[in-house]
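Here is the naming used below: chain letters follow the sequence lines, and residue numbers restart at 1 for every chain.
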Number of protein chains: 4
Amino acid sequence: MTGRPRDPAVDDAIRQAALDLITEQGYRGVSMEGIAARSGVSKQAVYRRYPGKGEVILDVLAAYARTRLPTPDTGDLREDLLALLEETFAAQRGVPGALNQALAAEALQAPAFAERVSSELINARRDAVRQILTRARDRGQVAHPDDEVLIDLVFGPMWYALLFDAGKLTDAYAAALTDAVIAAATRAP
Amino acid sequence: MTGRPRDPAVDDAIRQAALDLITEQGYRGVSMEGIAARSGVSKQAVYRRYPGKGEVILDVLAAYARTRLPTPDTGDLREDLLALLEETFAAQRGVPGALNQALAAEALQAPAFAERVSSELINARRDAVRQILTRARDRGQVAHPDDEVLIDLVFGPMWYALLFDAGKLTDAYAAALTDAVIAAATRAP
Amino acid sequence: MTGRPRDPAVDDAIRQAALDLITEQGYRGVSMEGIAARSGVSKQAVYRRYPGKGEVILDVLAAYARTRLPTPDTGDLREDLLALLEETFAAQRGVPGALNQALAAEALQAPAFAERVSSELINARRDAVRQILTRARDRGQVAHPDDEVLIDLVFGPMWYALLFDAGKLTDAYAAALTDAVIAAATRAP
Amino acid sequence: MTGRPRDPAVDDAIRQAALDLITEQGYRGVSMEGIAARSGVSKQAVYRRYPGKGEVILDVLAAYARTRLPTPDTGDLREDLLALLEETFAAQRGVPGALNQALAAEALQAPAFAERVSSELINARRDAVRQILTRARDRGQVAHPDDEVLIDLVFGPMWYALLFDAGKLTDAYAAALTDAVIAAATRAP
DNA sequence: TGTTAATCGAGACGGTACGTCTTGTCTTTCG
DNA sequence: CGAAAGACAAGACGTACCGTCTCGATTAACA
């Protein structure tokens with residue numbers, strides 16, 4: 001019932017290989033076969049841990065997310081939101097952006113996987129924005145009653161850009177989007 | 001130099017097969033191989049017309065788009081926007097939604113293709129919203145100076161939903177989103 | 001140095017599982033993996049006892065052989081030979097036939113194993129025929145000087161049939177073969 | 001309906017690769033994967049031609065068989081049989097021997113394949129012996145009525161040796177076996 | 001009225017990845 | 001130490017697509 005425990009070095013090798021591949025070649029260059037080859041691990045060892053490459057990427061991204069900074073809390077809605085967006089967009093310009101794109105591609109091919117991504121990754125990010133909005137509302141800075149839609153205004157454009165124009169995610173765009181979202185938030189419909 | 005002209009029936013058969021496949025099985029079930037087999041056409045005949053499945057889907061969607069209604073123009077920003085979003089979201093609940101998801105999946109795998117999708121499909125939709133905003137601005141209903149960001153507020157959440165939660169695109173959501181966008185539009189940052 | 005003694009129940013379970021598998025699915029269905037799974041024993045427990053599936057089968061067959069009848073001795077060459085062949089062929093129509101086929105398949109893949117099969121199984125059977133021939137020669141019924149070739153005439157066709165046409169091994173064939181071998185034996189070349 | 005014709009160079013490459021592999025490494029070293037790799041051919045190209053490695057080997061051996069000498073016809077039973085057996089045994093000491101062993105191994109794993117081997121290869125060899133026997137009977141040199149059993153006496157020991165002791169197939173053994181078979185043939189049971 | 005050239009279907013071709021299966025070894029915990 | 005459990009590297013299995021190619025057979029427009 002116990003058996004030989006999984007070798008953590010294998011876990012690391014798999015994650016590292018997946019990360020390397022996506023960094024060097026993008027989503028197209030990632031395959032279960034390639035991950036195994038690159039990591040010097042057997043295919044079985046990979047399939048034992050993950051049902052598909054989507055879950056590998058999800059796990060790699062989760063590792064990234066674990067080392068993320070806390071939600072900004074400056075006492076000002078605009079400053080909080082801008083800080084969050086700048087940081088988030090900056091990440092999208094790097095490896096996490098490629099990982100997110102890969103995640104999106106996988107999600108499009110399997111609704112069940114989309115569900116997992118939502119619950120394990122997306123929601124955490126939404127929570128951060130929700131905190132910011134809640135605190136601002138307590139300070140009377142938010143009039144719009146529907147947090148969920150406001151959060152969609154924040155992340156929708158980001159994914160939209162990841163799909164069709166990743167270069168768009170600059171600091172300037174973070175500022176412009178922040179302004180627009182705040183305009184929506186501070187006014188009741 | 002002239003040679004045998006292309007058979008229009010083959011064009012139709014290809015588009016129809018692609019449409020059938022995506023309707024029945026989603027993006028995963030679509031392959032150049034499958035399209036050829038389903039349509040009773042040779043693979044070469046498909047590749048002669050399209051460089052990849054992305055372009056097939058793009059073409060099928062373009063055929064849909066050609067039969068689309070004109071941009072609403074009621075004289076009221078909210079009504080215009082709501083009508084547009086309801087109509088658009090309704091489409092996403094049907095076959096065009098699946099086609100859009102497929103398009104997104106392809107775009108994620110080839111930046112060059114993402115570019116094509118942008119210029120040939122996305123921009124047309126953005127133009128519609130831009131018209132609505134421009135007319136409203138002329139009537140003094142829009143204070144926000146940056147149309148492009150406002151348009152992102154409209155379509156970003158839609159693609160976001162197509163990625164992770166297609167069921168979200170209801171009439172109610174169209175209304176909520178309309179309200180939020182208008183809140184942003186009517187207020188200068 | 002002594003440690004825990006091996007559990008004889010494990011030995012039995014392994015042999016039984018191997019026997020079951022070969023009975024139900026033939027040689028193709030036998031694997032070390034399968035034997036372990038079927039017997040509810042760890043793979044290690046199997047490998048500790050046998051270097052490969054060939055030896056498992058050899059052991060199972062040896063268990064069968066232990067319960068075999070003695071060499072016939074009726075005082076007549078033809079009767080002795082016929083009795084032996086009928087009994088032997090009858091066995092080949094059953095589970096021992098499948099085991100022999102498996103043994104042959106293993107032998108073909110490892111000459112060293114072929115050697116073991118020869119010395120541990122084949123030779124015992126050859127001895128039986130050799131006894132019959134020796135007794136007959138003492139009675140003046142055998143003129144052919146080379147027992148080994150005569151024995152080959154007996155068993156060669158049997159293995160030949162096991163390879164390509166196991167259904168051939170009927171009582172009628174035992175009789176026909178007996179006649180031919182006796183014809184060869186009673187005449188000096 | 002016609003399609004691109006199969007490239008004969010591919011056929012040759014496959015057969016050559018299979019031959020090389022079996023020559024260098026024996027039956028164990030042959031795999032569909034290896035044949036494809038070695039021949040520089042895609043796996044599909046192999047599977048398109050053969051359902052399994054057994055059929056590849058069968059085909060290679062058939063190519064050998066096509067270039068075989070005609071059945072000896074010296075007017076004397078002993079000379080004919082000896083010539084045939086010496087030639088046949090000599091072949092078993094070389095590559096065809098390895099091919100035959102491989103064939104046997106495959107036949108043991110699939111009765112359907114055993115059937116094919118019988119009809120496409122074995123029977124041709126039996127025919128040769130049958131011709132020799134028939135001619136000898138016409139000359140009054142054969143008294144035994146059952147050709148099929150006599151043929152089994154010829155080939156049985158050969159396959160028996162291929163299974164468990166390939167080194168046995170010397171010229172001396174060919175002579176000894178010839179003598180024994182003739183002893184059986186010239187005497188009615 | 002023939003060429004000529006691009007089409008059509010069919011299907012072979014080299015590749016790559018898929019996900020599963022065995023093999024034989026190794027590593028853990030428990031008895 | 002034996003036993004069950006199960007991880008591990010290695011590599012074959014047979015299938016599916018990819019995008020390209022080579023056929024023989026059409027189907028026009030041009031000569």
Side-chain angles (χ1 to χ4, degrees), chain A residues 1-11 13 28-37 39-53, chain B residues 1-7 9-10 13 30-37 39-53, chain C residues 1-7 9-10 13 30-37 39-53, chain D residues 1-11 13 28-37 39-53:
Chain A
M1 198 66 89
T2 48
R4 175 175 175 176
R6 294 199 180 161
D7 185 348
V10 169
D11 295 67
R28 285 301 291 269
V30 183
S31 67
M32 294 298 267
E33 198 96 24
I35 290 170
S39 60
V41 142
S42 70
K43 278 168 67 175
Q44 272 298 351
V46 184
Y47 277 108
R48 203 174 288 130
R49 289 166 169 76
Y50 307 100
K53 54 182 160 174
Chain B
M1 195 62 91
T2 49
R4 175 176 175 175
R6 290 194 182 167
D7 185 348
V10 170
V30 182
S31 68
M32 293 298 265
E33 200 95 24
I35 291 170
S39 60
V41 143
S42 70
K43 275 170 69 177
Q44 197 60 263
V46 183
Y47 277 107
R48 218 182 327 258
R49 288 165 171 78
Y50 307 100
K53 56 182 160 174
Chain C
M1 191 64 91
T2 48
R4 175 176 173 179
R6 290 195 181 164
D7 184 348
V10 169
V30 182
S31 68
M32 294 297 265
E33 199 92 26
I35 291 171
S39 59
V41 142
S42 70
K43 275 170 67 178
Q44 197 59 262
V46 184
Y47 276 107
R48 205 173 289 130
R49 288 163 171 79
Y50 307 99
K53 55 180 161 174
Chain D
M1 197 66 90
T2 47
R4 175 176 175 175
R6 292 197 181 164
D7 185 348
V10 169
D11 294 67
R28 286 300 291 269
V30 182
S31 68
M32 293 298 266
E33 197 95 24
I35 290 170
S39 60
V41 142
S42 69
K43 276 168 69 174
Q44 272 297 351
V46 184
Y47 278 108
R48 206 174 286 132
R49 288 165 170 78
Y50 308 99
K53 53 182 160 174

Of S31(C) and S31(A), the one whose nearest nucleotide on DNA chain E sits closer to the 5' end is S31(A)

Exercise. Is any side-chain nitrogen or oxygen of R28(D) closer than 4.0 Å to OP1 or OP2 of dT23(E)?
Worked result: no

note: K53(B), atom NZ; dC17(F), atom P; distance rounded to Å ~ 9 Å

note: R49(C), atom CZ; dT25(E), atom C1'; distance rounded to Å ~ 17 Å

Polar atoms only, N or O, under 3.5 Å: list the protein pairs with nucleotides 23-31 of chain F and their distances.
{"residue": "dT26(F)", "atom": "O2", "partner": "R4(B)", "partner atom": "NH1", "Å": "2.8"}

Sorted by chain and number, sequence neighbours left out, side-chain hydrogen bond (donor to acceptor under 3.5 Å, both in side chains) with K53(D) holds for none

For D11(D), the salt bridge (charged side-chain N to carboxylate O under 4.0 Å, His left out) test, sequence neighbours excluded, returns R49(D)

Applying side-chain hydrogen bond (donor to acceptor under 3.5 Å, both in side chains) to Q44(D) and not counting sequence neighbours gives none

Atom CZ of R6(A) and atom C1' of dT29(E) are separated, to the nearest Å, by 17 Å

What residues 40-48 of chain B contributes to the DNA chain F interface at heavy-atom separation below 4.0 Å is K43(B), Q44(B), Y47(B)

Whole-Å distance, E33(D) CD to dG14(E) P, equals 15 Å

Rounded to the nearest 0.5 Å, the CZ atom of R48(B) sits from the OG atom of S42(B) at a distance of 6.0 Å

R6(B) meets the salt bridge (charged side-chain N to carboxylate O under 4.0 Å, His left out) criterion, sequence neighbours left out, with none

To the nearest angstrom, the CG-C1' distance between D7(D) and dC21(F) comes to 11 Å

Rounded to the nearest 0.5 Å, the CE atom of M32(A) sits from the NZ atom of K43(A) at a distance of 9.0 Å

Closest heavy-atom pair, G34(B) versus S31(B), reported as atoms and distance to 0.1 Å, is N-OG, 2.8 Å

Note: A13(D) and S39(D) closest approach over all heavy atoms is O-CB, 3.3 Å

